[in-house]
Amino acid sequence: MVQSTGTNKIKTAIFFSGNGSNLKSLIKFSYKKKSPISIEIIISNNPKAKGFRYGKIFKIKNKLIRYNNKYLAEKKIISELKKHNIKLICLAGFMKIISKNFIKRFKGKILNIHPSLLPKYKGLKTHKRVIENNEKFSGCTVHFVNSHLDSGKIILQKKVKINVKDTPKKLAKKILIQEHKLYPRAIMKIFSL
Ligand code: GRF
């Protein structure tokens with residue numbers, strides 16, 4: 001487990017691939033006095049990821065790592081993480097599967113947020129599948145990352161009620177609002193143990 005010592009905050013990297021709304025909420029959280037983390041670098045595989053704008057707005061170092069070759073991409077990522085002495089990785093809508101070796105190397109130090117009540121609805125297109133199955137509730141989960149997709153130890157979950165009129169898009173929006181609160185809460189939880 002990563003330790004937060006005294007006034008030294010845990011040096012954290014955020015990996016993202018898209019809009020970066022969770023990235024934004026984590027950056028904002030990191031600036032709070034009570035936050036145990038400081039965000040040193042944000043990394044994306046996608047040159048078009050909108051989340052890059054938050055790197056600019058908040059003046060946080062950003063790095064684009066293209067994934068033409070996964071092994072080389074991860075090698076480059078590891079070198080960035082070393083350079084910045086990163087002790088915690090938060091996946092926030094990162095659309096690449098991380099290799100077993102990488103996960104081993106950062107065992108217990110990688111977190112992810114998933115838009116369902118895990119272990120239900122692992123993988124992609126969760127909201128569509130949830131609605132097609134006439135579920136009454138869905139939600140979001142923050143968990144540790146292990147070598148199986150969306151299967152690591154659960155840290156926190158938030159349940160969200162599904163209305164009959166909810167489309168996958170509407171549900172995604174509703175759940176995202178909760179995700180933005182849940183990720184910081186999960187980080188607080190693991191570092192106040
Ligand atoms: C979120 O729903 C997150 O749970 C999932 O991907 C989405 C990312 O959204 N892993 P954003 O880029 O943080 O807005």
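Atom set for the values below is all heavy atoms of this structure, side chains included, hydrogens, waters and symmetry mates excluded. Order of listing sets the numbers, starting from 1, for every ligand and every atom in it.
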Take E80 and K83, measure what salt bridge (Lys or Arg N to Asp or Glu O under 4.0 Å) needs, and give me the verdict at the end.
-> CA-CA 5 Å; E80 285 300 323; K83 207 171 14 175; 3.4 Å; yes

Walk me through it: do K120 and E135 pass the test salt bridge (Lys or Arg N to Asp or Glu O under 4.0 Å)?
-> CA-CA 11 Å; K120 288 177 112 181; E135 297 280 4; 3.1 Å; yes

Evaluate the criterion side-chain hydrogen bond (donor to acceptor under 3.5 Å, both in side chains) for residue pair S151 and K122; output intermediate values, then yes/no.
-> CA-CA 8 Å; S151 297; K122 297 172 183 175; 3.2 Å; yes

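Heavy-atom proximity to P115, at under 4.0 Å, picks out these atoms of ligand 1: 2 (O), 4 (O), 5 (C). Ligand 1 places these atoms under 4.0 Å from at least one heavy atom of N19: 12 (O), 14 (O).
Considering backbone and side-chain N/O atoms, E179 comes within less than 3.5 Å of an N/O atom of ligand 1. Residue A92 has no N or O atom closer than 3.5 Å to an N or O atom of ligand 1.
The single protein non-hydrogen atom nearest to atom 10 (N) of ligand 1 is I113 O, 3.0 Å, given as residue, atom name and distance. The closest protein non-hydrogen atom to atom 12 (O) of ligand 1 is G20 N, 2.8 Å.
At a 4.0 Å cut-off, not a single heavy atom of G51 sits close enough to ligand 1 to count as contact.
Applying the side-chain hydrogen bond (donor to acceptor under 3.5 Å, both in side chains) test to pairs two or more places apart or on separate chains, those with a residue in residues 13-23 are S17-N45, S21-H180, N22-E179. Contacts classified as side-chain hydrogen bond (donor to acceptor under 3.5 Å, both in side chains) and involving residues 62-76 (residues at least two apart or in different chains) are given here: E74-S99.
The shortest side-chain heavy-atom distance between I155 and L111 falls under the 4.5 Å cut-off.
The closest heavy-atom contact to atom 11 (P) of ligand 1, among the options G93, S21, S116, comes from S21.
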